[in-house]
Structure formats: C-alpha cells, structure tokens
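Heads up, the thing below is written out as structure tokens.
Numbered from 1 within each chain, the chains take letters A, B, ... in sequence-line order.
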Protein chains: 2
Amino acid sequence: MTPDRLDHIFSALADPTRRAILARLALGTTSVTELAEPFRMSGPAVTKHLKVLERAGLIIRGREAQWRPCSLDAAPLKDATDWLEQYRRFWEGSFDRLEEYLQEVQTNGGKDVRDSSRDK
Amino acid sequence: MTPDRLDHIFSALADPTRRAILARLALGTTSVTELAEPFRMSGPAVTKHLKVLERAGLIIRGREAQWRPCSLDAAPLKDATDWLEQYRRFWEGSFDRLEEYLQEVQTNGGKDVRDSSRDK
DNA sequence: GGCGTATCTAACTAATTAGTTAAATAACCG
DNA sequence: CGGTTATTTAACTAATTAGTTAGATACGCC
C-alpha cells in the first residue's frame with residue numbers, strides 16, 4: 001500500500017456525489033447517463049467524478065456499443081478499512097494497562113507536554 | 001451522520017502528512033512543534049493541517065502554558081469505518097444467491113446496460 | 001453516408017488547498 | 001520589564017478541484 005494510493009482512495013470518498021455513485025453501483029453495473037440522473041449536474045461533471053473514482057481504483061469501466069458501463073470495484077475500500085482498523089482500539093475505548101502505560105511514557109511521564117524540567 | 005461530516009473526515013485522511021500526525025498522536029498527546037518535526041514544512045503549514053484535523057473532529061486541543069497540546073479523538077474514524085462497512089461484502093467476494101439475483105434484476109435482467117430492447 | 005444517442009475532451013472560471021514568509025500573540029523565566 | 005519559546009494569523013502564491021458550455025468522437029441504425 002503506497003501512501004498515495006490511500007490519498008486517492010480517501011479523497012475519492014471525500015465527496016458526497018462520489019459516495020452516492022458508489023452506492024448506486026453497489027446495486028449493479030450501469031451507464032454514465034443513469035449515474036448522472038440523480039444529480040443536478042452536467043454530464044462532463046459526472047465524467048470527472050468517474051475519473052476520480054477510476055484513479056482510486058474504485059470503478060471499472062467497460063465498453064458496450066455507445067455505452068461505457070461502470071461497475072464497482074470495492075477492493076480499495078478494504079485497504080481504507082485496514083488502515084482505519086489500526087485505530088479501532090481508540091474508539092472502542094478500553095485500553096489495557098500496558099497500552100495506557102506506553103502512552104504515558106511516550107509523553108515523558110504523562111505529566112507534561114515536552115519535558116519534565118518544567119514544573120508549572 | 002450528516003453527509004458533510006463524512007466529507008470532512010475522509011478529506012482529512014486524504015493527506016499523508018495528516019495521517020502521519022494521527023499516527024504520532026496514537027502514541028500520545030504532544031505539542032505542535034514535536035508534531036512538526038518529522039516534516040520539512042513550516043510551522044504554519046502544520047497549524048493548517050491541525051485545523052483540518054480539528055474540523056473533522058479527529059483531534060482535541062488543550063492549553064498548557066505556551067503549548068497547545070494535541071490529542072487524538074478517534075471517534076470520527078468509527079463513522080468512516082461504519083460507512084465502509086456497507087461495502088465489505090463486495091470486497092469479501094462471496095455474494096449469496098439472493099444478492100446476486102437482486103443485482104441482476106436491478107440492472108434490467110443483468111443482460112444489458114440500459115434496457116432489453118437492444119440486442120447487440 | 002447521415003442521424004441520434006452516449007460519452008468524452010477542451011477551454012474556461014471560481015473556489016479551495018497547501019504551502020510560503022513576516023509579524024502578532026501568549027506565556028514562562030530571570 | 002524584556003527576552004525566549006511556542007503557536008497562530010495575515011497576506012500572498014501556485015496548484016488542484018468542481019463546475020460550466022461548446023464541440024468532438026464513437027457507435028448503432030436505417
């Protein structure tokens with residue numbers, strides 16, 4: 001997982017139009033025109049969103065006559081999830097004693113921000 | 001979960017500097033200066049990244065003398081994970097028959113992109 | 001070949017982002 | 001008070017993003 005692959009994935013997800021496109025594609029492959037329909041937005045604008053999703057590896061484009069069907073490729077979402085997974089213990093809240101201890105020593109005794117020479 | 005909360009969360013995560021800052025904060029609360037250290041980047045640039053993280057709700061800022069300690073608040077990462085979770089079945093690959101069927105009917109018989117009047 | 005539908009490219013604009021340096025603010029310390 | 005350290009704000013620039021409209025391209029059909 002190179003760092004800018006995650007950049008592309010997360011920034012593709014940072015837009016509600018693009019998340020809605022993914023949600024639609026979760027129901028199945030469809031055309032650009034149908035993807036565009038729910039939005040008050042020109043065709044070219046949708047084409048650009050699709051390019052962003054494609055750069056992130058989240059969609060696959062086919063060719064069928066004058067249509068360029070899009071389908072979901074969720075594999076990169078797994079990479080995003082794996083990255084987030086590292087932080088699960090933080091939102092689940094229950095650190096065990098060792099983790100608490102490590103966190104304290106990391107912050108120089110857990111007493112002060114930088115060093116222990118200052119004393120408030 | 002309002003849509004633009006997710007926008008803020010994902011776009012905060014779309015930058016490697018900010019992900020590195022979160023990784024550092026996972027080890028414990030620290031100062032702006034220490035956060036800035038690994039990067040070839042001015043102080044104000046780091047302040048801006050912190051503002052983005054703060055807007056996303058990912059960090060909490062304190063005050064201690066002339067320091068403004070940062071600490072991680074991972075709660076929004078749970079929201080991101082929850083959103084991604086909807087797609088897990090896609091990257092795990094094994095759809096059950098019902099899901100396959102639903103996906104096919106959604107795409108008008110699963111045969112064509114738009115309708116069944118065309119026939120290739 | 002020419003028409004109609006689907007989609008993309010080009011060229012442009014406005015807003016946002018990521019960085020800079022210089023100066024302001026805040027708080028401790030002697 | 002005056003100096004030093006930490007951090008933020010202001011003002012600026014360059015690059016990127018999200019949208020637009022107009023025109024090009026691709027393909028099927030008659």
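- Following rounding to the nearest Å, Asp7(B) (CG) and dT17(D) (P) show an atom-to-atom distance of 15 Å.
- For Ala14(B), the side-chain contact (heavy atoms from CB on, under 4.5 Å) partners two or more places apart in sequence, or in a different chain, are Phe10(A), Ser11(A).
- In terms of modelled atom types and a separation under 3.5 Å, the side chain of Arg24(A) and the main chain of Leu35(A) share no donor-acceptor contact.
- Atom pair His8(B):NE2 and dT17(C):P shows a separation of 8 Å (rounding to whole Å applied).
- In this structure, the CG atom of Asp15(B) is 14 Å from the C1' atom of dA15(D), given to the nearest Å.
- Listed pair His49(A) / dG19(D) meets the phosphate criterion, a side-chain N or O lying under 4.0 Å from OP1 or OP2.
- Applying the side-chain hydrogen bond (donor to acceptor under 3.5 Å, both in side chains) test to pairs two or more places apart or on separate chains, those with a residue in residues 77-87 of chain B are Arg5(B)-Asp79(B), Lys78(B)-Asp82(B), Trp83(B)-Gln86(B), Glu85(B)-Arg88(B).
- Counting to the nearest Å, the C1' atom of dT17(C) and the CE atom of Met41(B) are 13 Å from each other.
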Base-contact (B) and sugar-phosphate-only (S) positions in nucleotides 8-14 of chain D, heavy-atom cut-off under 4.0 Å, - elsewhere: BB-B---
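- Residue Arg63(A) places at least one side-chain N or O under 4.0 Å from the OP1 or OP2 atom of dC27(D).
- Residue pairs meeting the side-chain hydrogen bond (donor to acceptor under 3.5 Å, both in side chains) criterion with at least one partner in residues 48-61 of chain B, sequence neighbours excluded, are Arg18(B)-His49(B).
- In this structure, the CZ atom of Arg40(A) is 18 Å from the C1' atom of dT21(D), given to the nearest Å.
- In this structure, CZ of Phe39(B) is placed 10 Å from P of dG19(C), rounded to the nearest angstrom.
- With rounding to whole Å, Trp67(B) atom CH2 is found 8 Å from dT7(D) atom P.
- Residue Gln66(A) places its side chain closer to dA6(C) than to any other of dT7(C), dA6(C), dA18(D).
- Within the 4.0 Å cut-off from OP1 or OP2 of dT20(D), at least one side-chain nitrogen or oxygen of Ser42(A) is found.
- In this structure, Leu22(B) CG and Thr17(B) OG1 are separated by 11.0 Å, a value rounded to the nearest 0.5 Å.
- Residue Ile21(B) contributes atom CD1, which lies 11 Å from atom P of dA18(C) at whole-angstrom precision.
- Scanning for side-chain contact (heavy atoms from CB on, under 4.5 Å) contacts around Ser71(B) gives Thr29(B), Ile60(B), with sequence neighbours left out.
- Applying the side-chain hydrogen bond (donor to acceptor under 3.5 Å, both in side chains) criterion to Arg68(B), with sequence neighbours excluded, gives no partner residue.
- Ranking dT7(C), dA18(D), dT7(D) by closeness to the Ser31(B) side chain, first place goes to dT7(D).
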